[in-house]
Amino acid sequence: MEAFRIVGGARLSGDVRVTGAKNSVLKLMAAALLAEGTTTLYEVPTILDVEYMAELLRRLGCEVVHDAEARSVAITVPAVPSHKADYDLVRKLRASINVLGPLLARCGEADVALPGGDNIGSRGLDMHVAGLERLGATVRSEHGYLIATRDDQLHGASVWLDFPSVGATENLLMAAVLAKGTTVIDNAAREPEICDICHMLVAMGAQIDGIGTSTLTIEGVDSLSPVEHTTVPDRLVAGTWAVAAVMTRGDITIQRARADHLEIALDKLVSAGATVDEVADGVRVRCADRPRAIDVVTLPYPGFPTDLQPQFIALNSIARGAAMVTENLFEARFRFVNEMVRLGADVRTDGHHAFVRGKEKLSGAPVEAADIRAGAGLVLAGLVAEGTTTVYEPHHVDRGYEGFIDDLVRLGADVSRVQVNQLA
Ligand code: EPU
């Protein structure tokens with residue numbers, strides 16, 4: 001068993017490079033299923049979730065070659081992929097639900113194991129199902145699988161989402177591009193990762209209007225062609241580095257970071273006392289003094305991202321003053337607060353609000369990462385805690401952050417990956 005061992009106190013400074021977004025590339029890999037032949041993706045991060053998705057596609061009959069050095073993945077899709085996504089992989093990777101739309105469109109049937117809840121909450125699929133049904137699919141749940149079929153072809157329809165769900169928007173989009181006629185998805189999610197998928201689908205031959213807005217209009221086409229596509233930079237990894245710079249009173253240039261994808265988060269950091277500059281190929285974030293506490297409220301894009309909420313709780317825990325953090329997307333994301341309390345943070349939660357009183361110092365302790373972002377938040381807290389912090393279950397962090405420890409070391413942190421039996 002492994003853990004991250006962090007000795008707090010270092011000021012982080014230097015350059016760090018951000019690769020493609022996890023939450024985009026996994027869906028781009030699923031979208032490759034829509035066209036027979038070889039689709040190649042670039043700026044693919046070497047993270048566990050990409051390996052899981054690659055394995056899932058292999059089981060569906062694709063050939064997948066991940067060249068970590070070139071940061072590319074080549075996916076060769078057969079004329080007729082298989083249509084069953086088994087539980088053993090789906091349970092490791094919730095994004096495997098994103099093969100539902102493309103498989104249904106391509107094969108006429110998709111059997112995808114139900115992913116169940118996870119450490120950040122229940123995460124329903126009702127909007128995925130209702131939307132696909134409007135496009136003419138029949139969807140039933142049987143023996144732990146969601147089984148979607150269509151008679152002849154999916155047909156265009158108007159779909160109103162109750163909430164701008166990222167996953168539902170993606171599944172509907174990937175089904176609608178091969179449906180007969182026009183589909184309108186209203187109240188669609190408009191995250192940069194959704195735009196990235198839309199751009200790749202358009203390059204494949206899809207017809208999509210309204211990219212980047214909450215109304216997507218899709219004119220179905222008969223077939224799509226494979227493409228080469230470069231993944232959008234990971235705004236959540238970039239945002240994590242930005243918070244690290246502020247918490248450690250450091251100076252980090254985040255190469256390839258897109259300031260326009262991080263507007264609210266960077267604005268919050270400026271309010272906390274940071275200096276943020278757009279530079280030639282990225283964003284430079286620095287902070288000379290102890291940051292001020294800052295309120296955040298998570299909302300779908302362009303609101304403040306839930307995936308940066310734990311990092312901002314970590315920041316507030318050492319800030320001057322007190323702040324309210326409100327989580328509107330995933331009810332269980334505050335579980336990580338208990339681990340912050342182990343580090344000496346003063347945080348109280350009430351429903352979906354967390355009230356954080358900043359303290360001068362945190363104190364290093366053993367803690368456990370329950371999900372990717374909680375893990376990142378705990379690492380950031382460890383960087384500023386007195387003494388040693390050990391973050392157990394680091395595989396969660398590995399799911400979303402390529403070479404996190406190596407980058408931290410390069411920036412000056414005293415961090416290492418250790419075997420748990422080395423800890424004594
Ligand atoms: N929801 C429903 N019914 C549905 C779909 C969603 O109730 O049919 C609810 C969920 O339960 C949740 C909320 O709507 O409370 C948001 O869900 P959404 O579908 O938008 O999220 P997702 O597609 O499951 C993706 C990212 C998450 C990120 C969210 C929100 C991937 C693989 N995951 O999840 O990323 O937090 O969007 O931006 O893209 C992470 O990277 O750490 C992560 C959890």
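One-based numbering, in listed order, for ligands and for the atoms of each.
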Mind checking whether [X] has an N or O less than 3.5 Å away from an N or O of ligand 1?
X	result
Pro164	no
Leu236	no
Ile372	no
Phe330	no
Ser165	yes

### Query
Just checking, is any N or O donor in the side chain of His353 or Thr326 under 3.5 Å from an acceptor N or O on the other one?
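Yes.
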### Query
Do Asp186 and Thr215 have side-chain atoms, one donor and one acceptor, less than 3.5 Å apart?
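Yes, because at least one side-chain N or O of Asp186 sits under 3.5 Å from a partner of the opposite role on Thr215.
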## Note on the structure
Min over Val166, Asn98, Asp49, Leu125 of heavy-atom distance to atom 18 (P) of ligand 1 lands on Val166
### Message
On a heavy-atom basis, I'd like to know which of Val25, Asn171, Asp126 is closest to atom 2 (C) of ligand 1.
### Response
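Considering heavy atoms of Val25, Asn171, Asp126, the nearest to atom 2 (C) of ligand 1 sits in Asp126.
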Numbered atoms and elements of ligand 1 in range of [X], under 4.0 angstrom, heavy atoms:
X	value
Lys27	31 (C), 32 (C), 39 (O)
Phe163	13 (C), 14 (O), 16 (C)
Gly167	19 (O), 23 (O)
Leu329	12 (C), 15 (O), 30 (C)
Arg94	24 (O)

N/O donor-acceptor pair under 3.5 Å between [X] side chain and [Y] backbone:
X	Y	result
Thr169	Ala189	yes
Asn187	Leu161	yes
Glu339	Arg335	no

### Query
Is it true that Lys22 lies under 4.0 Å from ligand 1, counting heavy atoms only?
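Under 4.0 Å: yes for Lys22.
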### Within-shell test, Leu26 vs ligand 1, heavy atom, strictly < 4.0 Å
no
### Message
Taking ring pair (Phe, Tyr, Trp, His ring centres under 6.0 Å) as the cut-off, I'd like each qualifying pair that reaches into residues 399-418, sequence neighbours left out, listed once.
### Response
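Non-adjacent pairs meeting ring pair (Phe, Tyr, Trp, His ring centres under 6.0 Å): Trp241-Phe404, Tyr401-Phe404.
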Output yes when [X] and [Y] qualify as a salt bridge under the 4.0 Å nitrogen-oxygen rule, no when they do not.
X	Y	result
Glu43	Arg17	yes
Glu193	Arg235	yes
Glu327	Arg333	no
Asp398	Arg417	yes

### Query
Can you tell which part of Arg373 has a heavy atom less than 4.0 Å from ligand 1: side chain, backbone, both or neither?
side chain
### Query
When you look for heavy atoms under 4.0 Å from ligand 1, do you find them on the side chain of Arg333, its backbone, both, or neither?
side chain
